[in-house]
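For reference, the structure discussed in these notes is given below.
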2 protein chains.
Amino acid sequence: MVTFSEENYLKAIYHLSKHGSVSVSTNAIAQRMDTKASSVTDMIKKLSEKDLVDYKKYQGVSLTESGRLTATTVIRKHRLWEVFLVDKLNFSWDEVHEVAEQLEHIKSEKLIDQLDAFLEFPTHDPHGDPIPDKQGNFKKTEKMLLSQLAEGETCICIGVKDSSSEFLQYLDKHQIALGTIIKVVSKETFDESMTLQINAEVLAISKEVSNNLFVKAN
Amino acid sequence: MVTFSEENYLKAIYHLSKHGSVSVSTNAIAQRMDTKASSVTDMIKKLSEKDLVDYKKYQGVSLTESGRLTATTVIRKHRLWEVFLVDKLNFSWDEVHEVAEQLEHIKSEKLIDQLDAFLEFPTHDPHGDPIPDKQGNFKKTEKMLLSQLAEGETCICIGVKDSSSEFLQYLDKHQIALGTIIKVVSKETFDESMTLQINAEVLAISKEVSNNLFVKAN
DNA sequence: ATAATTTTTTAGACAAGTCTAAATTTTAAT
DNA sequence: ATTAAAATTTAGACTTGTCTAAAAAATTAT
Ligand SMILES: [Mn+2]
Ligand SMILES: [Mn+2]
Ligand SMILES: [Mn+2]
Ligand SMILES: [Mn+2]
C-alpha cells in the first residue's frame, strides 16, 4: 500500500530525475514539493524501507524499478484524468491540473483501464504531455522550443513547458492552442523577442513566451 | 476544510439518523464504520467543534444543517460516480461501490456539476437509490419491499436494500435487474418464501431475498 | 432502591506526516 | 589544509486519526 503522500514524493523524484535516471537531492525535492528538507529526509527513509527508492545518506535518492513504475502510473492517471476533464466535462486546459492532482490517487486498475478505453487511448494530455502506457513507457517525441526557431520558419504548437494557469490563459487570449500553426516572422537578436504570424494575426512575444512553447517543424 | 474521515463519519450519521432527523448513538456509528466507540467520541468532538453536529455528552449526536449538507453532497457525489462507472465505463453494479467510496471525496464543485450534466442529470444510481440535488433534497419515491406483496400481484424492481456484491450477483444470476417486471405467483405463509415469474422463467426465493428488493406496483 | 450491565467517555499510547532548531556532513572558498 | 558556507540529517515536538484499558454515566434487572 502506497499512500497519497508517498505517491506525490515519487512523482516529484521522477520529474526531477529526468524520468528516473539521475539521482536527486533532498533540497530539490523540498523545493519542488514546497516542504522542508527534514520532512523529505523522513519520507525518503520510508520510501527506502519500501524499496521504492535507493538511498544512501547525504548522497541523494534515485527511484528503484518499482518506484519508477509507481511514479509513471500516477502520471498516467493524472494525464488521463486531464484528458477526461477537457474532452468530456468541458474543462479548459488551465483548470484541470488541480482536480487531476486529486484524481491521480484513486486506486483501481479497472477504473484506469476503462477510462483509457473510454477516451479512446489518448497519447497526450491537454498540455501536450505524453501519456505513458501501463508499463510506464513513454512514446518519445522530437519536440523543440519555439525560441530555437529562426526567422521565416513555420511550426506547429504541440505542448507547453510552463503549464501555469497564467501562461495557459495568455495563450488562450492570443489564440494559441495545441495544433496551431505558427510562423516566425522576425526575431530580435537583442532580446530574442519574436513576431509571429498566427492565422491572419500578427503577435509580438517575449523570450519568456517562446521559451515555454513546444513546437515541431512543419 | 472537511477531511475524508470527517466526511465518512457525517455520511454514516446521516444514514443512521434516517436522513438526518433523529439522533444517533456512539455505538451505532462505531458498528457501522467498523471502528471503536472511543474513536467515534473523539471524532464527534471534532465535528462538533466545526459545527457539523450537535452533541451533548452521553446524549448521542445529530447533524446540523451544515453537517447535513456536507453529508448529502458526499452521497450525491458517490451516486453520480456510480452512474458514471456503470453507464460510461462498463462497470457492473456490484463493482462500483468500492471505487465510489474513493471518488466521493474529490473536491471540486465544477467537477460534480459537469459530471451531472455529462450523465444527463440522472435521478437514481445503479442500485435504485435517489441522487440528491445540490441542496441535498431527495425526490421522495413510494417504494415498497417485494416481501410486502400478496399472491397474484405484479411489480417492477426499482432498487435493492442490500447492495452487497453477493446479493447483486445473485440477482444477476437470476435475471433480476432494475426495471424487471416481477409477478408473485405464490407465497408461503410458513416461511414467507415466494415463487416469482420473471419474463418466461419461474423462480423460488426466500424471505431473505424478498426483504431486500424494492419494488413499485405495476 | 440497589445492584448488575451496557454505553459512553477519558487517559494514555502509537503511526503518519509535518515542522523547528540543532548537529553533522559535504562542498566551496581562502 | 583550514575555514566558511551550504546541504543534509537528527532530535524533539505537534496534529490527525486510531487503538486499549480504565473510569464514569446511563440503562436495565432484581
Ligand atoms: Mn497536470
Ligand atoms: Mn498536463
Ligand atoms: Mn455505493
Ligand atoms: Mn449505490
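Convention: sequence-line order gives letters A, B, ...; per-chain numbering from 1.
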Can you check whether A:Met144 reaches A:Leu149 side chain to side chain, under 4.5 Å on heavy atoms? yes
Please list, in 5' to 3' order, the outermost nucleotides of DNA chain C lying under 4.0 Å from any heavy atom of chain B. C:dT7 to C:dT10
Residues two or more places apart in sequence or in another chain: which of them pass side-chain hydrogen bond (donor to acceptor under 3.5 Å, both in side chains) with A:Tyr55? none
Is the phosphate of D:dT8, meaning OP1 or OP2, less than 4.0 Å from a side-chain N or O of A:Asn27? yes
Tell me: CG of B:Asp42 to C1' of D:dA21, nearest whole Å? 14 Å
With A:Phe167, which residues qualify under ring pair (Phe, Tyr, Trp, His ring centres under 6.0 Å), at least two apart? none
Rounded distance (Å) that lies between atom C1' of D:dT10 and atom NZ of A:Lys46: 14 Å
With a 4.0 Å cutoff (strictly under), does any side-chain N or O of A:Tyr55 reach OP1 or OP2 of D:dT8? no
Decide whether a cation-pi geometry holds between B:Lys46 and B:Tyr9; the criteria are a distance under 6.0 Å from NZ or CZ to the six-membered ring centre and an angle within 45° of the ring axis. no
Would you classify A:Thr41 as touching base, sugar-phosphate or nothing, given that sugar-phosphate means primed atoms plus P, OP1 and OP2, and contacts are heavy atoms under 4.0 Å? base
Below 4.0 angstrom, which residues in residues 31-39 of chain A have at least one non-hydrogen atom near DNA chain C? A:Thr35, A:Lys36, A:Ser38, A:Ser39
Would you call the rings of A:Phe4 and A:His105 parallel, tilted or perpendicular, taking 30° and 60° as the class edges? parallel
Side chain to side chain donor-acceptor pair (under 3.5 Å), that's the test. Do A:Ser164 and A:Asp162 meet it? Break it down for me. CA-CA 6 Å; A:Ser164 67; A:Asp162 171 5; 3.0 Å; yes
Where does the angle between the aromatic ring planes of B:Trp81 and A:Trp81 fall among parallel (under 30°), tilted (30 to 60°) and perpendicular (over 60°)? perpendicular
A quick test of your reading: do over 12 heavy atoms of other residues, nucleotides or ligands sit less than 6.0 Å from NE2 of B:His19? no
Note, A:Leu111 side chain near A:Lys77 side chain (heavy atom, < 4.5 Å): no
For the salt bridge (charged side-chain N to carboxylate O under 4.0 Å, His left out) test, which of B:Asp129, B:Asp133, B:Asp116 pairs with B:Arg76? B:Asp116
For B:Phe118, is the NZ or CZ atom of B:Lys88 found under 6.0 angstrom from the centre of its six-membered ring and inside 45 degrees of the ring axis? yes
Under a 4.0 Å N-O cut-off, is there an ion pair linking B:Lys110 with A:Glu98? no
Could you tell me the separation between the CD atom of B:Glu49 and the C1' atom of D:dG17, rounded to a whole number of Å? 16 Å
Between B:Lys187 and B:Glu153, is there a salt bridge with N-O shorter than 4.0 Å? no
Select base, sugar-phosphate, or nothing to describe what A:Lys56 touches, counting heavy atoms under 4.0 Å on all strands. nothing
Set out, line by line, the N/O atom pairs under 3.5 Å between protein and nucleotides 23-28 of chain D.
unit_1 : atom_1 : unit_2  : atom_2 : d
D:dA25 : O4'    : B:Tyr58 : OH     : 3.4

Those residues of residues 6-15 of chain A lying under 4.0 Å from DNA chain C by at least one heavy atom: A:Tyr9
